[in-house]
Each structure stands twice: as structure tokens, then as C-alpha cells.
Amino acid sequence: MKPRVLSGMRPTGALHLGHYHGALKNWVRLQADYECFYFVADWHALTTHYEEPGVIEKNVYDMVIDWIAAGLDPEQCTIFIQSRLPEHAELFTLLAMGTPLGWLERVPTYKDQIDKLKDRDLATYGFLGYPLLQAADILIYKASFVPVGEDQASHVELTREVARRFNHLYGRGASFEAQTAAAIGKLAKDDARYLEKQRKAFGETGSAEALAKGEAIVKKAATSIAGWSEADSELLMGHLRGAGRTILTEPQALHTEVTKLPGLDGAKMSKSYGNAILMRDEPAEVAKKIRGMMTDPARVRRTDPGNPEKCPVWDFHKVYSDAPTRDWVWKGCTTAGIGCLECKQPVIDAIVKEQQPWRERAEKYLANPKQVHWIVEMGTERARIVARQTMKDVREAMGLNY
Ligand code: TRP
Ligand code: SF4
């Protein structure tokens with residue numbers, strides 16, 4: 001079984017090249033190697049845009065079309081919408097009970113965003129709590145990996161702490177000892193003895209090696225013992241760590257190398273800054289935007305040499321051009337051998353070429369919106385099966401199954 005990956009994106013409408021190179025390209029790559037769950041974080045959009053909920057619906061489907069256009073394959077990955085799964089809200093509520101306020105106040109994005117988005121009133125309960133909602137999004141699918149940008153690393157860290165606390169608080173119900181003994185009873189005698197030895201060693205010395213050896217026994221049992229269940233593995237993993245049953249899995253952030261593509265003015269690409277090239281911009285629009293792009297401000301006349309390091313077009317060449325083209329730019333720019341429009345042409349060509357398959361794939365769905373709805377419907381039902389099971393485990397662990 002492939003490890004599970006989960007990630008979400010706020011529905012900000014049609015996506016731009018910054019989204020593609022910063023996240024989406026990576027999502028597409030991960031599909032083959034992981035069981036990927038990707039969702040539209042529409043509730044998250046409301047944490048900052050609660051005053052204008054109306055725009056969200058169109059944004060949701062525009063964004064899903066861009067996902068598929070970029071190469072997410074609904075057969076390979078699960079695409080769904082957060083708000084269609086009230087289980088996220090239920091887990092959020094239950095986790096909220098035991099989450100210290102200080103954990104949320106100390107999340108670095110909290111103060112950052114309040115400072116940055118001065119035009120919005122973010123002194124809301126929802127905004128403070130949104131990293132915990134994100135934790136619920138992740139934990140409800142027991143995801144092993146979460147591909148996110150550096151800016152979201154602290155949210156994954158919070159998620160890990162929340163999971164640890166939950167397992168600590170609720171992972172040792174009265175039946176824990178008896179269930180653990182029963183699971184150990186299913187192991188071969190030698191393996192059971194070996195597991196106990198590693199557990200003791202880990203408890204006394206914290207040896208990572210002992211932990212790994214113990215885990216190997218549990219993993220072996222999972223694949224070789226008839227009647228072994230996921231719950232047995234969770235029990236013994238918890239037992240091994242001395243932490244109680246692992247009900248919620250601690251995820252890891254997956255910071256794969258991503259390419260940073262700035263906006264037309266060199267600042268972060270963002271639709272609201274008006275410096276974005278959309279994934280589905282027409283070729284003529286792309287050409288117009290790139291031709292109007294800022295260049296090295298010191299290069300006023302065609303005869304002035306320029307410095308590519310001071311020019312956002314160069315950042316585009318770093319993403320889009322091969323080595324010979326980049327050499328041509330560097331030499332041409334610093335010696336005033338080429339003009340800026342000349343320099344920009346290969347970038348225009350490369351973007352238009354990159355967009356071609358996106359446009360083709362998107363066309364089909366734009367002409368037939370029902371098909372997009374259907375894909376989301378299927379994904380939502382697939383996600384629901386997992387989310388329901390986790391909630392069953394969570395309610396049981398908390399003693400809420402009356
Ligand atoms: N908070 C993320 C963002 O603003 C989106 C998000 C919500 C997310 N839930 C998530 C990302 C769970 C990864 C996992 O970009
Ligand atoms: Fe920028 Fe290219 Fe003009 Fe140099 S030649 S300033 S790199 S656009």
C-alpha cells in the first residue's frame with residue numbers, strides 16, 4: 001500500500017503560474033508514488049473572506065479544472081471539497097476542546113497575516129482556529145505526508161503536536177492493556193519477546209534503532225499474520241513508544257524542491273497584485289503581459305548594458321530556458337547585445353508551449369461542467385469512507401460512542 005499524501009488549496013479562482021510551479025506541479029508528480037488526497041479548502045477561504053461567500057462557488061470549480069488541466073488524474077488521485085465532509089468540522093470541534101489557546105496564538109502565520117491583511121477584520125475565532133481546522137483536515141485522513149510550502153510548515157508542526165496530545169489523552173482507554181495483550185498474543189513467540197526487548201530498550205535509552213527494530217516486527221506482522229488488523233498495528237506501535245494507542249497519525253511535511261516564479265513586477269505572483277499570468281491565459285495575453293514586464297530599471301536605452309540579477313525576466317528564464325538560452329541572455333544583456341523584447345521572446349514561447357496541453361485538457365471540462373462536478377462527487381465519496389472511519393475511531397477513543 002502506498003503512503004497517503006494530503007494537501008489542500010484555497011479556492012482563489014483560476015490559478016496562475018506561481019500556483020503551478022510552487023505547488024501543483026509537485027502534486028502531479030506525487031500521484032504516481034502515493035495515495036493522494038487533494039481537496040478544495042473552501043472553509044479556509046471563509047476564514048479570511050467571510051464577508052463575500054458568494055464568489056467561492058465559481059472559484060471552486062475553476063480551480064478544480066486547473067488541477068485537472070495541469071495533470072491531476074481523477075483516476076489516480078482523490079479530488080474533493082472540504083465543506084462536503086462535515087466530518088472535518090466534527091474533528092475540529094473535538095480537537096478544539098483540548099488544544100491550548102497559546103498553541104494557536106503562537107503560530108507564526110497568525111500575527112503575520114493580521115499585519116499583512118490590514119484591510120480585513122481578522123480578529124475572529126475562525127481565523128485564530130484555522131490552523132487547527134487544517135490539523136483536522138490532515139488527521140482525519142491519517143495522512144503520512146503533507147506537501148506544503150515553507151510558509152505552512154508551522155501548521156504541520158501544530159498538527160503533529162495535536163495528534164500526539166490526542167493519542168496521549170485518549171489512546172489509553174481501559175481496554176488498551178487487554179487489547180495490546182491480545183495483539184501481542186497474535187505474534188510468533190520469538191517476535192513477541194523481541195518486541196518487548198526493543199520496547200524496553202527504547203523506553204530506557206530512547207534508541208531510534210530499537211524503535212525501528214520494534215516497528216519492523218509490527219510491519220512484518222501486518223503482512224504475514226492472517227487476521228491482523230490495522231488496529232493491531234496501531235496498538236502495538238503505541239505500546240512500543242509507551243504512548244498508548246496511535247489513533248491519529250503524526251504527519252510529516254513534504255518540502256520538495258519547488259521553483260519560485262515571481263510575478264511580472266518581481267514581487268510574489270498574486271492575482272490581487274495584478275502581476276499574474278494565469279494558467280489559462282490566451283497566448284496573445286501572455287505575450288502582452290511579458291512584453292509589458294518590468295526589466296532592469298538601469299537599462300533605460302537599448303544601448304545600456306543590463307544586469308539580469310536585477311531583472312524579473314531573468315527569474316522567468318531560470319524556470320523556462322535551457323542553458324544555451326540563458327547564456328545568450330546573460331551575454332546579450334550585460335553587453336547590450338540584445339534588446340529586452342528580444343530577450344523576452346523565448347520566455348513567451350516557452351510559456352505558451354507549456355500551457356498548450358493545459359488548454360486542451362481544460363477545454364473538455366469547460367464545455368461540460370457536469371463532468372467536473374461528477375469527478376468531485378466521486379472523490380468526495382471516496383474521501384468520506386476514510387473520514388467516517390477515523391471519526392468512528394475518534395468517538396470510540398473519547399468514549400462518545402453511546
Ligand atoms: N492552509 C492552506 C493554505 O492556506 C490550505 C490547507 C487547508 C491545507 N488545509 C490543508 C494544506 C491541509 C495542506 C493540508 O494554503
Ligand atoms: Fe532583463 Fe533580458 Fe532586458 Fe536584461 S535583456 S534587462 S535580462 S529583459
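All of these numbers come straight from a predicted model, not from anything done at the bench. One-based numbering, in listed order, for ligands and for the atoms of each. Index from 1, following the sequence.
In this structure, the ring of Y320 has its center less than 6.0 angstrom from the ring center of H21.
Remark: ligand 1 atoms within the under-4.0 Å shell around heavy atoms of V146 are 13 (C), 14 (C). Below 4.0 Å from some heavy atom of L6 lie the following atoms of ligand 1, by number and element: 12 (C), 14 (C). Per-residue contacts place Y130 under 4.0 angstrom from the following atoms of ligand 1 (heavy atoms of the residue considered): 1 (N). Close contacts between ligand 2 and C311 involve ligand atoms 1 (Fe), 6 (S), 7 (S), 8 (S) [criterion: under 4.0 Å to a heavy atom]. Annotation for ligand 1: atoms under 4.0 Å from non-hydrogen atoms of I138 are 12 (C), 14 (C). Which parts of ligand 2 touch T295 is read off a 4.0 Å heavy-atom cut-off, strictly below it: atoms 6 (S), 8 (S). If you number the atoms of ligand 1 from 1 as listed, the ones under 4.0 Å from a heavy atom of Q152 come out as 1 (N), 2 (C), 3 (C), 4 (O), 15 (O). The ligand atoms of ligand 1 that sit less than 4.0 angstrom from a heavy atom of V148 are 13 (C). Atoms of ligand 2 lying under 4.0 Å from at least one heavy atom of D296, given by number and element, are 6 (S).
Q82 and D137 are linked by a side-chain donor-acceptor pair at a separation below 3.5 angstrom, with hydrogens and angles left out of the test. S321 and R326 form no side-chain donor-acceptor contact under 3.5 Å, judged by distance and modelled atom types alone. Neither side chain, N167 nor T246, offers a donor N or O lying under 3.5 Å from an acceptor on the other. With no hydrogens or angles considered, no side-chain donor-acceptor pair links H317 and T325 at under 3.5 Å. Donor-acceptor pairing under 3.5 Å is recorded for the side chains of H49 and R120.
Of the candidates H44, R10, H88, Q134, it is Q134 that places a heavy atom closest to atom 11 (C) of ligand 1.
Nearest protein heavy-atom neighbour of atom 5 (C) of ligand 1: G8 O, 3.6 Å. Counting only heavy atoms of the protein, atom 3 (Fe) of ligand 2 lies nearest to C340 SG, 2.3 Å. Taking atom 5 (S) of ligand 2 as the reference point, the nearest protein heavy-atom neighbour is R299 NH1, 3.1 Å.
Contacts with ligand 2 closer than 4.0 Å are made by side-chain heavy atoms of V313 only, the backbone lying farther away. Counting heavy atoms under 4.0 Å from ligand 1, residue L133 does not touch it at all. Of the heavy atoms in Q82, none comes closer than 4.0 Å to ligand 1.
For D137, a nitrogen or oxygen atom sits less than 3.5 Å from a nitrogen or oxygen atom of ligand 1, counting backbone and side chain alike.
By the 30° and 60° cut-offs, the orientation of the rings of H16 relative to H19 is parallel. Relative orientation of the W27 and W67 rings is perpendicular, given thresholds of 30° and 60° on the angle between their planes. In this pair, Y141 and F37 present their aromatic rings tilted. The plane angle is within the 30 to 60° band.
Here C333 does not reach atom 3 (Fe) of ligand 2: none of its N/O/S atoms is less than 2.8 Å from the metal. For atom 2 (Fe) of ligand 2, the set of nearby N, O or S atoms under 2.8 Å includes one belonging to C343.
R241 has a carboxylate O that lies under 4.0 Å from a charged side-chain N of E215, or vice versa, which qualifies the two as a salt bridge.
At least one donor-acceptor pair under 3.5 Å links the side chain of Q31 to the backbone N or O of D73.
Remark: R10 is positioned above the aromatic ring of Y130, its terminal NZ or CZ atom under 6.0 angstrom from the ring centre and at most 45 degrees off the axis.
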